[in-house]
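What follows is one structure encoded as structure tokens, with my remarks underneath.
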Amino acid sequence: MKLLTALKLAADGMAAQRVRLNITSMNLANASTTRTLEGGPYRAKSVVFVAKPLKDFASSLDEALETVQVKEVVDDPSPFKEVYDPGHPDADERGIVLYPNVNVMEEMVDMLSAAGAYQANLTVISITKSMALKALDIVR
């Protein structure tokens, strides 16, 4: 594997984890949003990743490498939380308010996982840079 290929794989991983972290932060920010522009409470979203083969000619000669790519951002189909709060402006005639289907604990775990994966990819870039500098030192 060439050093630039390792950098590309790590950069793609960082870009994918950045999207995941953005979606998680959006879910946490809207954990109590009962009214959206589309109507109804906010619906949680999640990121779907796919493995994408590297298409460049040099890497196809070496080995079959795959990188990560965000396929789509999908809505979570789980039901909304129902809370009895008759004084809330969005309460129905029974006093029930629909809250978003955001599970704060799951979002926190997802955020920590994304941060860890981002850090791992950053470490790959740092080590690759260090290897390249050591190789240049050998040539001098």
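We count residues from 1, following the sequence as given.
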Could you tell me the separation between the [atom1] atom of [X] and the [atom2] atom of [Y], rounded to the nearest 0.5 Å?
X: Phe49; Y: Gln69; atom1: CZ; atom2: CD; answer: 11.0 Å
X: Ile23; Y: Glu107; atom1: CD1; atom2: CD; answer: 9.5 Å
X: Leu133; Y: Ile138; atom1: CG; atom2: CD1; answer: 11.5 Å

Quick check: closest heavy atoms across [X] and [Y], and the distance to 0.1 Å?
X: Leu9; Y: Asn121; value: O-OD1, 4.5 Å
X: Pro86; Y: Ala91; value: O-CB, 4.1 Å
X: Arg94; Y: Tyr84; value: O-CE1, 3.3 Å
X: Ala16; Y: Val68; value: CB-CG1, 3.7 Å

Would a distance-only check, ignoring hydrogens and angles, find a side-chain to backbone donor-acceptor pair under 3.5 Å from [X] to [Y]?
X: Asp92; Y: Gly95; answer: yes
X: Arg43; Y: Ser78; answer: yes
X: Lys81; Y: Val102; answer: yes

Task: Qualifying side-chain hydrogen bond (donor to acceptor under 3.5 Å, both in side chains) pairs with a residue from residues 126-140, counting only residues at least two apart or across chains - done: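 Every pair satisfying side-chain hydrogen bond (donor to acceptor under 3.5 Å, both in side chains) with a residue in residues 126-140: there are none.
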
Would you indicate whether the side-chain heavy atoms of [Y] and [X] approach each other to under 4.5 Å?
X: Glu66; Y: Lys52; value: no
X: Phe80; Y: Pro41; value: yes
X: Lys45; Y: Val74; value: no
X: Pro89; Y: Arg35; value: yes
X: Leu122; Y: Met14; value: yes
X: Leu65; Y: Thr5; value: yes

Mind checking whether [X] and [Y] sit in one hydrophobic cluster, side chains of I, L, V, M, F, W, Y counted as touching below 4.5 Å?
X: Met26; Y: Val73; answer: yes
X: Met131; Y: Leu7; answer: no
X: Leu4; Y: Ile125; answer: yes
X: Val109; Y: Leu28; answer: no

- [ ] Evaluate the criterion side-chain contact (heavy atoms from CB on, under 4.5 Å) for residue pair Tyr99 and His88; output intermediate values, then yes/no.
- [x] CA-CA 11 Å; Tyr99 277 91; His88 195 282; 3.7 Å; yes

- [ ] Run the numbers on Tyr118 and Leu21 for side-chain contact (heavy atoms from CB on, under 4.5 Å), then give the verdict.
- [x] CA-CA 9 Å; Tyr118 191 91; Leu21 191 59; over 6 Å; no

Open item on the list: Please determine whether a side-chain nitrogen of the Lys or Arg among Asp110 and Arg20 lies less than 4.0 Å from a carboxylate oxygen of the Asp or Glu.
Closed with: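 Result for this pair is yes, salt bridge flagged.
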
Open item on the list: Less than 3.5 Å apart, any donor N or O on the side chain of Asp90 or Thr34 sitting next to an acceptor on the other?
Closed with: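 Side-chain D/A pair, Asp90 to Thr34: present.
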
Open item on the list: Looking only at the side chains, is there a donor atom on one of Tyr42 and Asn27 sitting less than 3.5 Å from an acceptor on the other?
Closed with: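 Yes, side-chain donor-acceptor contact under 3.5 Å.
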
Open item on the list: So, using side-chain contact (heavy atoms from CB on, under 4.5 Å) as the criterion, who are the partners of Asn22 when residues are at least two apart?
Closed with: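 Partners of Asn22 under the side-chain contact (heavy atoms from CB on, under 4.5 Å) test: Arg18.
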
